[in-house]
Structures are given as structure tokens and as C-alpha cells.
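Heads up: the structure comes next, in C-alpha cells.
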Amino acid sequence: MNFIITAAQKAVLELYSTEVEESVINIQETRKEFEGQVTIVVFPVTKFSKKSPEQTANEIGAYLQDNVAEVTGFNVVKGFLNLSLAESYFLNLFNKQVLSADFGIIPPNGKKVMVEYSSPNTNKPLHLGHVRNNLLGYSVSELLKANGYDVVKVNLVNDRGIHICKSMLAWQKWGNGETPESSGLKGDHLVGKYYVIFDKEYKKEIEGLKEAGQTEEEAKKNAPLIKAAQHMLQQWEAGDAEVIALWEKMNGWVYDGFNVTYKTLGVDFDKFYYESNTYLLGKDTVEEGLAKGVFFKKEDGSVWIDLTADGLDQKLVLRADGTSVYITQDLGTAEMKYDDFGMDESIYVVGNEQDYHFKVLFLILEKLGKSWANGLYHLSYGMVDLPNGKMKSREGTVVDADDLIASMVATAREKTVELGKINDFSEAEREALYQNIGLGALKYFLLKVEPKKRLLFNPAESIDFQGHTGPFIQYTHARIKSLLSKAEYHFAAGSAEFSGIMEVELEMIQQLAKYPEELAIAAKAYSPASLANYLYELAKLFNKFYHEVPPIVKTEAGEAKQFRLNLCKKTADIIYSGMKILGITSPERM
RNA sequence: GCCUCGGUAGCUCAGUUGGAUAGAGCAACGGUUUUCUAAACCGUGGGUCAGGGGUUCGAAUCCCUUCCGGGGUACCA
């Protein structure tokens with residue numbers, strides 16, 4: 001559409017003898033209720049024309065119609081100049097650009113970006129909140145790849161700490177040697193079970209101590225179980241062989257469980273970092289900060305940074321006893337990651353509860369003069385809430401990832417069987433399809449929402465398979481594939497001679513042509529949501545077209561048929577690759 | 001208290017650097033299949049864009065302010 005802007009600039013120059021910036025020419029797609037395809041909003045131009053909006057629009061419209069071949073007509077509504085473009089313009093756009101082999105394929109840009117996501121704790125299974133994180137992280141990675149980046153996906157596993165010891169201790173005390181094999185439980189669920197048991201027993205102890213006269217605070221500190229867990233953490237840090245062996249065994253169960261879930265979700269990683277290897281990092285960075293005068297030491301020996309000048313607070317970076325806090329290790333880990341990969345950008349996919357933490361982390365790294373600090377980005381996303389509030393694993397109000405996936409797949413199975421369209425499929429093909437559709441529904445549901453917005457999930461209302469959903473788009477793809485196969489489609493270049501193109505086809509060409517720009521917009525905003533919504537619009541448009549156009553398969557061969565088949569093929573291609581970026585596979589049939 | 005992110009139809013969400021009468025889906029109601037997949041299509045009803053003020057030719061969008069909700073807030077991660 002750039003040629004319209006250029007032409008309009010020229011119109012203003014000739015009509016009103018003023019050279020104007022591109023930004024003065026405000027163009028947008030014409031709304032459905034008006035005639036035309038492109039609209040120039042002329043209000044900004046009236047400043048130069050010194051005429052009414054209507055008159056200005058009419059003058060520019062007349063000029064464009066006379067001087068630009070593609071402009072075949074215009075109409076003016078208030079300050080809006082609606083232009084009608086020639087059919088040949090759209091056919092050329094489609095044949096020369098959209099249909100070209102490299103359309104939507106962005107060449108490497110030579111930049112490397114790291115995406116850290118998932119980052120689970122190894123004391124409990126994944127829940128819906130983690131699912132949002134995983135899908136977002138994976139999808140953003142794919143989005144960046146599609147935009148020419150070299151992407152490194154990493155997972156920083158929180159595999160140590162007091163919460164892990166809680167599960168270990170509870171298992172030791174009440175587990176009777178239970179294993180995933182003996183219990184039939186998935187490893188992460190088994191360990192999670194003991195995490196919950198710990199909490200229950202711990203609460204009992206607190207109640208007991210309170211009855212014995214202690215305050216809530218005292219009781220929480222003095223309960224034997226928490227003391228035992230703390231002791232176990234010390235033993236772990238000291239490298240106690242028995243504790244380490246238990247830790248390795250139970251974490252192994254959890255990893256087996258996570259791997260199953262990751263595989264089902266279709267997410268993957270190029271490298272795993274483990275906090276058990278990184279938790280001591282960062283102390284060098286603290287020394288460096290002290291030497292540079294960025295940090296200061298208090299009388300008790302604790303180390304701080306003063307960020308009040310930046311509108312933040314003073315922040316502790318090292319405890320008085322010399323041990324690390326969360327941000328200490330994150331400082332060290334950030335350096336290690338950069339040393340490992342030397343990336344230009346680094347994205348942390350972490351919930352918005354840590355907004356402040358990352359603001360501080362990045363600011364500190366900047367103040368330390370790290371050259372790579374301004375390439376750091378916190379992709380912050382909103383919590384997944386239930387109708388009655390937040391999910392809490394210790395209170396059992398979580399939506400478990402594995403359960404949810406299983407129920408989505410079960411629903412996909414029910415609906416598919418009901419429709420009975422794949423009765424000739426083999427058992428394996430059916431199962432694969434149920435997975436595809438069930439996960440398609442789940443993934444689309446989570447990804448279509450702007451990441452930073454909180455997301456409400458109501459377990460009582462199942463996720464839809466109709467309307468603005470993943471399966472709707474998948475279905476559109478399957479429909480096209482079926483049509484192409486019946487038409488025995490072969491690619492052949494189209495010509496611009498074909499006339500009698502339908503309005504909906506013009507709309508589709510415009511929608512298809514936007515794809516590369518949509519990829520860029522989504523990547524720039526680190527937001528798969530806009531891509532998800534774009535694909536929905538495209539699918540919706542196709543279904544309208546499909547309904548309005550006379551049956552293509554039965555049409556006799558000719559320009560019209562070839563054009564429409566090409567249109568179908570390209571739509572299927574873009575749906576397929578766009579959905580792939582969302583981590584969703586579009587089936588050939590469903 | 002302070003910082004921060006949200007508030008758009010009954011519900012779930014779109015809404016581009018400020019542009020036309022604020023759009024979809026679900027739910028409700030009505031219609032479409034001897035035609036390429038009806039997980040589709042077409043139609044009807046449904047709005048104080050949280051409230052107020054301001055900037056502007058023009059505000060859901062920008063600024064100020066109030067209300068409501070989430071998150072954070074100096075030795076948890």
C-alpha cells in the first residue's frame with residue numbers, strides 16, 4: 001500500500017504546494033459497510049489544504065483517480081476518502097507476491113536470541129499456569145525463528161531448595177518406599193503427593209504448638225518438620241551422600257514425569273540449566289559491584305544496591321552471612337548464559353508476579369556496565385485464575401496439566417466419533433488426531449489471549465471446539481486439503497486477466513498479503529496472540545468464501561478455477577505454518 | 001501507604017502510531033445441507049468501553065483524578 005501513500009503525498013504537493021511527511025497520509029483498510037478497499041483519512045491534510053475535509057478528500061480522490069492506474073474510483077464520507085482499486089492490482093499482488101515461493105519466509109537476520117521458559121520446580125507436577133508458560137515460551141521461540149532469529153531455548157530447572165526437601169522428607173517418613181512403579185503414579189505426581197502430605201502434617205504440628213501456647217509465628221518456626229527440612233537442606237548443601245542419593249532418585253522421577261508432559265505438549269529445549277549448579281553463582285558479580293562502587297556494604301556485612309534514584313528501593317544482593325538470595329544467583333546465571341551463547345537478546349518467560357524482580361535485575365546488570373544488559377527482556381504474563389481465584393497447589397485447587405490435557409483429548413475423541421468423518425482411519429491415526437485436536441483447542445485457548453493479561457479458566461465450562469477456537473482453524477485447513485485433493489490440484493501460475501473476482505476474494509488476497517507483516521508485529525511484541533487472531537480472521541474469511549463461491553471442483557478448468565485453487569492452497573499453507581508457530585498441527589482430515 | 005498491571009456485551013476475548021455507527025466467539029432466538037467436510041454459513045437481540053475531568057477536528061486508545069481487581073513491596077523464590 002506504500003504506493004498509495006507516495007501518490008497521496010504527490011497529490012498534496014501538486015494540489016496544495018506542500019511537501020508532507022509520510023505520517024500525514026493516514027491510510028487504513030476500508031470498513032466493510034463502505035465501497036472501496038483502501039481509505040485515506042484526510043483530516044491531517046486539511047491543515048495544508050485549508051479546505052473542508054470533504055473538499056480536500058474529493059480533490060485528492062480525483063487526483064488519484066486521474067494519475068494512479070490502480071485507482072479506479074473513489075467516494076467520500078466526511079473526512080474519509082475511500083478508494084476502489086483495480087481487480088488487476090489485487091491479482092498482481094496475489095500472483096506476484098503472495099504466490100511466490102519465498103512469501104512469508106524471512107531470511108536469517110544474523111541475530112541470536114535466547115528464550116528461557118518453563119523453569120519448573122521439581123517438587124510437584126505442572127499445572128495450568130505452567131502450561132501457559134510453556135506454550136508461550138515455545139511459541140515465542142518459533143515466532144522469532146520465523147522472523148529470522150537464531151533461537152536457543154533453555155530451561156532453568158529449580159531443582160533444589162527447601163521445597164524440594166519437604167517432598168523428600170515426607171517421602172522418607174511416610175512413603176514406605178513407594179515408587180512410580182509400585183504406585184502406578186507418574187513420577188512428578190508421586191513427588192507432588194508427598195509435598196502435599198508434608199504441608200498437611202506441618203499444619204498439624206503448627207496447630208499443636210499453638211494449642212501449647214506458641215504464637216502462629218513461633219509455631220511455624222519451631223515445628224519439628226520444618227526444622228527437619230531445613231536440616232536436610234543443610235545436609236544437601238554439605239553433600240551428604242544419603243540425602244544426595246534421595247534427591248537424585250526423587251528428581252529423576254520428576255524428570256521422567258515432566259518429559260512425558262513436555263512431549264505431549266510438544267515443547268522442547270536446547271539446553272537445561274539446573275539451579276543446583278547455579279545457586280552459588282553471582283558472588284563474583286557481587287564482588288565486582290562492590291569494587292565498582294555500584295553496591296555498598298552495611299555494618300552487618302550485607303550487600304545492597306541503592307536504586308532509589310531510579311524510583312525503586314534499596315535492594316539486598318547478598319545476605320549478612322554471605323549466602324545468596326534469589327537475585328544473587330540470577331546475576332550470576334545471566335553472566336553464565338551470556339558466556340555460553342553470546343546472544344544478542346535474552347528473553348525470560350516468567351509470570352508477572354516477578355515484574356519487580358526483573359526490573360531490578362536488568363537495572364543492576366546495566367549499572368554494572370554489562371554490554372548485553374539492554375538485550376534482556378522479561379516476557380511477563382498474567383496468572384491463570386479460576387473463577388474462585390488463584391490456583392494453589394498446597395490447597396489442591398490447581399488444574400493439573402496432565403488431567404487437563406487428557407480431558408481435552410477425550411472431548412476431541414467424543415466429538416470426532418460423533419461426527420463420524422474418519423471411520424476409515426487406523427487406530428493410530430485416530431489417536432493422533434484426537435491429540436491434535438484436543439491440544440489444538442487447549443493451546444489456542446491459552447495463546448489467543450494477550451500474554452500480559454490475566455486469563456480466566458473455568459473448569460466447569462469446557463474449552464470450546466467451535467467458533468473462535470483452534471479446532472475451527474484446524475477444520476478450515478482440513479476442508480481445504482480435502483478440496484484440493486478432490487480437485488487434483490497442481491500449482492500453475494495465475495494470470496491477471498481473469499475478471500469477475502468476488503468481493504470476498506479481494507478480502508482474502510488482502511488478508512493473505514498481510515501475513516509477513518503479521519509475523520513481524522507478533523515477534524516485535526513477543527505476542528503469539530496477534531498471530532492467533534490473524535489466523536482466525538483468515539479462516540473465517542475462507543469459510544465465507546467457501547460458502548459463497550460455486551463448487552470449485554466441478555467448475556471447468558480455466559483462469560477462474562486455477563486462481564481459486566491457488567487461493568485455497570495458499571490459505572492452507574499459511575494456516576499450516578502459522579498454526580505451527582503456535583505449536584498446533586493442522587491435520588489433513590478431521 | 002508506595003510501585004505496577006488490568007477493568008470493553010450475560011460469559012471469554014479482539015480493537016494498529018488517536019479516525020467513520022466499538023467488533024468476534026460462546027450462550028439465547030431464527031434460518032441454511034439432492035452442491036467441494038454443517039467442528040461450517042447467514043440473520044436477530046444484547047454496550048454508561050469502571051466513573052469523572054482534560055487535550056484534540058476526532059478518545060476505548062493520550063494526560064489528570066477517583067473507584068474496583070490482580071501482583072509486588074528491603075535478607076522467600
Round to a whole Å and report the spacing from CZ of Phe445(A) to P of rU12(B). 10 Å
rG70(B) and rA27(B): how far apart are their C1' atoms, nearest whole angstrom? 27 Å
Touch check for Val449(A), heavy atoms < 4.0 angstrom, all strands: base, sugar-phosphate only, or nothing? sugar-phosphate
Please determine if Lys337(A) forms a cation-pi arrangement with Tyr348(A), meaning its NZ or CZ atom is less than 6.0 Å from the six-membered ring centre and no more than 45° off the ring axis. yes
Which part of the nucleic acid does Ser23(A) contact within heavy-atom distance under 4.0 Å: base, sugar-phosphate only, or nothing? nothing
Answer yes when Asp573(A) and Lys569(A) have at least one side-chain N-carboxylate O distance shorter than 4.0 Å, and no when they do not. yes
Answer with base, sugar-phosphate or nothing: what part of the nucleic acid does Gln354(A) contact at a heavy-atom distance below 4.0 Å? base
Taking any heavy-atom pair under 4.0 Å as a contact, classify Phe80(A): base, sugar-phosphate, or nothing. base
Which is true for Pro451(A) with a 4.0 Å heavy-atom rule: it touches a base, it touches only sugar-phosphate, or it touches nothing? nothing
Report the base-pairing partner of rG58(B) (Watson-Crick or G-U wobble, both distances below 3.5 angstrom), or none. none
Under 3.5 Å for both donor-acceptor distances, Watson-Crick or wobble: does rC67(B) have a partner, and if so which one? rG7(B)
What is the nucleic acid contact for Ile552(A), judged by heavy atoms within less than 4.0 Å: base, sugar-phosphate only, or nothing? base
Does Lys78(A) make a side-chain N or O approach to OP1 or OP2 of rU21(B) shorter than 4.0 Å? yes
Mind calculating the distance between NE2 (His547(A)) and C1' (rC36(B)) to the nearest angstrom? 13 Å
Pairing check on rG1(B): which nucleotide meets the Watson-Crick or G-U wobble criteria with it, both distances under 3.5 Å? rU73(B)
Partner nucleotide of rC13(B) by Watson-Crick or wobble geometry (both distances under 3.5 Å): rG23(B)
Under 5.5 Å between ring centres and under 30° between planes: true for Phe43(A) and the base of rG19(B)? yes
Could you give the CH2-to-P distance, from Trp304(A) to rU73(B), as a whole number of Å? 13 Å
Report which part of the nucleic acid Glu275(A) touches: base, sugar-phosphate, or nothing (heavy-atom distance under 4.0 Å, all strands). sugar-phosphate
Under 4.0 Å, counting only non-hydrogen atoms across every strand here, what does Thr39(A) touch: a base, just sugar-phosphate, or nothing? base
Could you state the atom-to-atom distance from CD of Glu450(A) to P of rG70(B) in whole Å? 22 Å
Suppose you measure atom P in rU56(B) against the same atom in rA74(B); what distance do you get, rounded to whole Å? 44 Å
Looking for any heavy atom pair under 4.0 Å, which part of the strands does Asn458(A) touch: base, sugar-phosphate only, or nothing? nothing
For rG30(B), the nucleotide meeting Watson-Crick or G-U wobble distances (both under 3.5 Å) is rC42(B)
Atom-to-atom span, CD1 of Ile463(A) to P of rC13(B) - whole angstrom: 11 Å
Can a salt bridge be assigned to the pair Lys220(A) and Glu216(A) using a cut-off of 4.0 Å between side-chain N and carboxylate O? yes
Is there a donor on the side chain of Thr416(A) or the base of rA39(B) sitting less than 3.5 Å from an acceptor on the other? yes
Whether Glu33(A) and Arg31(A) form a salt bridge (side-chain N of Lys/Arg under 4.0 Å from carboxylate O of Asp/Glu) is what I want to check. yes
Can Phe362(A) and His378(A) be said to form a ring pair (Phe, Tyr, Trp, His ring centres under 6.0 Å), step by step? CA-CA 9 Å; Phe362(A) 297 163; His378(A) 174 204; 7.2 Å; no
At 4.0 Å (heavy atoms only), tell me whether Glu353(A) reaches a base, stays on the sugar-phosphate, or touches nothing. sugar-phosphate
Need one value for Asn82(A): base, sugar-phosphate or nothing, where a base atom within 4.0 Å counts as base even if backbone is also close, heavy atoms only. base
Give a yes/no on whether any side-chain N or O of Lys452(A) is located under 4.0 angstrom from OP1 or OP2 of rG71(B). no
Just call it for Leu455(A): base, sugar-phosphate, or nothing, with non-hydrogen atoms closer than 4.0 Å on any strand. sugar-phosphate
Expressed in angstrom and rounded to an integer, what is the separation of Lys421(A) atom NZ from rC36(B) atom P? 12 Å
Can you tell me how far P in rC64(B) sits from the matching atom in rG69(B), rounded to whole Å? 22 Å
Salt bridge or not between Lys524(A) and Glu517(A)? Use side-chain N to carboxylate O under 4.0 Å. no
Compute whether any side-chain donor of one residue and acceptor of the other, for Thr476(A) and Asn543(A), lie under 3.5 angstrom apart. yes
Using whole Å, what does the distance between atom P of nucleotide rG72(B) and atom CG of Leu363(A) come to? 21 Å
Using atom P of each nucleotide, how far apart are rG10(B) and rU55(B) to the nearest Å? 32 Å
Ignoring hydrogens and angles, are the base of rC75(B) and the side chain of Asp300(A) linked by a donor-acceptor pair under 3.5 Å? yes
Would Asp424(A) and Arg589(A) pass as an ion pair if we require N to O under 4.0 Å? yes
Looking only at side-chain N and O atoms, does Arg31(A) come under 4.0 Å of OP1 or OP2 in rG23(B)? yes
In whole Å, measure the gap between the C1' atoms of rG18(B) and rA22(B) for me. 14 Å
Looking only at atom P, what distance separates rU61(B) and rU44(B), rounded to whole Å? 29 Å
Atom-pair distance (OH on Tyr536(A); C1' on rA39(B)), nearest Å: 12 Å
Name the orientation class of the two ring planes belonging to Phe272(A) and Tyr274(A) (parallel below 30°, tilted from 30 to 60°, perpendicular beyond 60°). parallel
Is the distance from OP1 or OP2 of rG72(B) to the nearest side-chain N or O of Tyr356(A) less than 4.0 Å? no
Looking at Arg319(A), I'd like to know whether one of its side-chain N or O atoms comes within less than 4.0 Å of OP1 or OP2 on rC76(B). yes
Among the nucleotides rA39(B), rA20(B), rC75(B), whichever has the atom closest to the side chain of Ala320(A) is rC75(B)
Identify whether any heavy atom of Asn158(A) sits under 4.0 Å from a base atom; if not, whether one sits that close to sugar-phosphate; answer base, sugar-phosphate or nothing. sugar-phosphate
Reckon Phe472(A) touches a base, only the sugar-phosphate, or nothing at all at heavy-atom distances under 4.0 Å? sugar-phosphate
P atoms of rG1(B) and rU66(B), separation to the nearest Å: 11 Å
Can a side chain N or O of Ser482(A) be found less than 4.0 Å away from OP1 or OP2 on rC36(B)? no
In whole angstrom, give me the gap between the C1' atoms of rC42(B) and rA38(B). 13 Å
